[in-house]
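Just so we're clear, the structure is a prediction, and the values are computed from it rather than from any experiment.
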Amino acid sequence: MPEQPLDRAMMARAVELAARGLYTTEPNPRVGCVLVRDGVIVGEGWHVRAGEGHAEVNALAMAGDQARGATAYVTLEPCSHFGRTPPCADALAKAGVSRVVAAMKDPNPLVAGRGLARLCDDGIEVTCGLLGDEARALNPGFIKRMQTGLPWVRVKLAMSLDGRTAMASGESQWITGPDARADVQRLRARSGAVISGADSVLLDDSALTVRAAELGLPEDQAAAAASRQPLRVLVDGRLRVPLESRLFHEPGPILVACRMLRGRVQDYGFAGAELLTLPDESAEYVDLQALLHELGKRGCNEVLVESGAGLAGAFYNAGLVDELIVYMAPRLLGSQARPLLELPFDTMADAMDLEISDMRAIGRDWRITARPVFPS
């Protein structure tokens, strides 16, 4: 059946509902559902957090008996397998919905079209693809992890108008204003892991935590976002960061990626941190691709890299960056200050292209969102 006039509006509402789970659903996708009968919304819901009801189940609970004969608008194909909760495709069929409109197929190999097929087998009319781009934009990490095993990698950078990130001494607090810093807190809150390097932590004594008071969200949303701390990942090849650092004294899980254990497993365990050895082929550095594979196995959909120019440049040089988030402050740090990324190019032929997808004012600063254009 072709798209009906009501369909787009109802799917847009489902996308809006799905976005309410932006900071809480990890490692699950953000999903919204709207149930409509005779042109009237009778139920709606969204997935709040892993282990709790999916969007369809929450919408069905609100609709009750009015779900029979209704159309269900869902931002992601209803699941067809038993996980922590029963299959949503079965729940929709049992409730007696007559039509299901999905924005996109589920990239999870356990589903991958099986949910829609099951609905068709039950005689339910099914269509897929409405507002698919909007639905995919909510879950870049989940989609990538299901397809490749790797999380979506964002590198956050803050720079002056002349492209500098810190003074020659390393002093960098604060280049940007409070609005930009609140925006970074929200990036942390939506991430499954936050990665930083030893140099950055030694210099700034960073905690890398999500702090409710700094999110710039309504109180209830801020509390929900801060209740789930992302995994904090320290790339510290030689285990230089002392265990007295602030990082090890804030709540939330910590993973330290290093080249060798040096007999320190017990020490780090007492500090609440896990040590993981991931030497690269030369054994001189931490293998960043292996680290991302490990984070993917742990269910991290989106990863935020907050580090200095060296580690950020290493991620970029290795072709591991999906998105750059650059905050540009209206100030000059001068020619002796540190660069944005350590990328030792010699000629214009070495230059790397970016595709800017968004640019907007964040308080007194500008936020530039760009994606690398890697050679095919």
*Asks:* Do Arg367 and Asp358 have side chains that get closer than 4.5 Å, going by heavy atoms?
*Replies:*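 Arg367 reaches Asp358 side chain to side chain.
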*Asks:* Once you round to the nearest 0.5 Å, how far does NE2 of His249 lie from CD1 of Ile254?
*Replies:*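 Result: 8.5 Å between the selected atoms.
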*Asks:* The criterion is salt bridge (Lys or Arg N to Asp or Glu O under 4.0 Å); which residues satisfy it with Arg154, sequence neighbours excluded?
*Replies:*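 Only Glu302, Glu323 meet the salt bridge (Lys or Arg N to Asp or Glu O under 4.0 Å) criterion with Arg154.
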*Asks:* Do Met10 and Ile41 come within less than 4.5 Å of each other through their side chains, counting heavy atoms only?
*Replies:*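 Met10 vs Ile41: side chains touch.
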*Asks:* Do Thr24 and Trp46 have side-chain heavy atoms sitting under 4.5 Å apart?
*Replies:*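 In short, these two side chains do not touch, never coming nearer than 4.5 Å.
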*Asks:* Do you know the tightest heavy-atom contact between Ser200 and Ser206?
*Replies:*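 In terms of heavy atoms, the two residues are closest at O-OG, 3.9 Å.
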*Asks:* Could I get the full list of salt bridge (Lys or Arg N to Asp or Glu O under 4.0 Å) partners for Arg232, not counting sequence neighbours?
*Replies:*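 Not a single residue meets the salt bridge (Lys or Arg N to Asp or Glu O under 4.0 Å) criterion with Arg232.
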*Asks:* Between Asp162 and Leu332, what is the shortest heavy-atom contact and its length?
*Replies:*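 Shortest heavy-atom contact: OD1-CA, 3.6 Å.
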*Asks:* May I ask you to list the residues sharing a hydrophobic cluster with Val373, side-chain cutoff 4.5 Å, ordered by chain and number?
*Replies:*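 The other cluster members (ILVMFWY side chains, heavy atoms under 4.5 Å, direct or chained): none.
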*Asks:* Using salt bridge (Lys or Arg N to Asp or Glu O under 4.0 Å) as the criterion, list what pairs up with Lys156, not counting sequence neighbours.
*Replies:*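 Partners of Lys156 by the salt bridge (Lys or Arg N to Asp or Glu O under 4.0 Å) criterion, ordered by chain and then number, come out as Glu306.
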*Asks:* So which heavy atom on Val303 is nearest to which on Cys300, and how close?
*Replies:*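 That would be CG2-CB, 4.4 Å.
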*Asks:* For Leu202, check side-chain contact (heavy atoms from CB on, under 4.5 Å) against everything at least two apart and list the hits.
*Replies:*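 Partners of Leu202 under the side-chain contact (heavy atoms from CB on, under 4.5 Å) test: Arg240, Val241, Pro242.
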*Asks:* What I want to find out is whether Asp121 reaches Arg118 closely enough, with some N-O distance under 4.0 Å, to be called a salt bridge.
*Replies:*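 So Asp121 does not pair with Arg118 through a salt bridge.
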*Asks:* Who pairs with Arg228 by salt bridge (Lys or Arg N to Asp or Glu O under 4.0 Å), at least two apart in sequence or on another chain?
*Replies:*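 In terms of salt bridge (Lys or Arg N to Asp or Glu O under 4.0 Å), with neighbours along the sequence ignored, Arg228 is linked to no residue.
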*Asks:* Of all the heavy-atom pairs spanning Val74 and Cys33, show the shortest one and how long it is.
*Replies:*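 Looking at all heavy atoms of both residues, the shortest contact is CG2-SG, 3.9 Å.
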*Asks:* May I ask you to test the Val235-Cys258 pair for a side-chain heavy-atom distance under 4.5 Å?
*Replies:*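 Val235 does not reach Cys258 side chain to side chain.
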*Asks:* Nearest 0.5 angstrom please: Asp7 CG to Thr71 OG1, how far?
*Replies:*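 OG1 of Thr71 is found 7.0 Å from CG of Asp7.
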*Asks:* So do Arg264 and Leu243 actually touch side chain to side chain, heavy atoms under 4.5 Å?
*Replies:*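 Leu243 vs Arg264: side chains touch.
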*Asks:* Mind checking side-chain contact (heavy atoms from CB on, under 4.5 Å) for Ala290 and listing every partner two or more places apart, or none if nothing turns up?
*Replies:*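 With neighbours one apart ignored, the set is Leu278, Asp287.
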*Asks:* Does anything in residues 36-45 form a salt bridge (charged side-chain N to carboxylate O under 4.0 Å, His left out)? List the pairs, not counting sequence neighbours.
*Replies:*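 Of all non-adjacent pairs touching residues 36-45, those that pass salt bridge (charged side-chain N to carboxylate O under 4.0 Å, His left out) are Arg13-Glu44.
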*Asks:* Using every non-hydrogen atom in the two residues, find where Leu320 and Val153 come nearest and quote the distance to one decimal.
*Replies:*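 Smallest heavy-atom distance, with atoms named: O-CB, 3.3 Å.
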*Asks:* How is the hydrophobic cluster of Leu215 composed, in terms of its other members, when Ile, Leu, Val, Met, Phe, Trp and Tyr link through side-chain heavy atoms under 4.5 Å apart, directly or indirectly?
*Replies:*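 Members besides Leu215, by chain and number: Leu22, Tyr23, Val210, Leu217.
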*Asks:* Do the non-hydrogen side-chain atoms of Met328 and Leu161 ever get within less than 4.5 Å of each other?
*Replies:*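 Sidechains of Leu161 and Met328: in contact.
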*Asks:* Who pairs with Val57 by side-chain contact (heavy atoms from CB on, under 4.5 Å), at least two apart in sequence or on another chain?
*Replies:*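 Cys88.
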*Asks:* Residues two or more places apart in sequence or in another chain: which of them pass side chain to side chain donor-acceptor pair (under 3.5 Å) with Asp280?
*Replies:*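 Residues passing side chain to side chain donor-acceptor pair (under 3.5 Å) with Asp280: Ser282.
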*Asks:* For Arg181, check side-chain contact (heavy atoms from CB on, under 4.5 Å) against everything at least two apart and list the hits.
*Replies:*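 By the side-chain contact (heavy atoms from CB on, under 4.5 Å) rule, Arg181 matches Trp174, Thr176, Pro178.
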*Asks:* Could you tell me if the side chain of Leu17 sits less than 4.5 Å from the side chain of Val34, heavy atoms only?
*Replies:*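 Result yes, sub-4.5 Å side-chain heavy-atom pair found.
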*Asks:* What are the two closest heavy atoms between Gly45 and Ala55, and how far apart are they?
*Replies:*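 Distance-wise, the nearest heavy atoms are O-CB, 3.8 Å.
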*Asks:* Below 4.5 Å, heavy atoms only, C-beta onward: do Tyr268 and Val256 meet side chain to side chain?
*Replies:*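 They are in side-chain contact.
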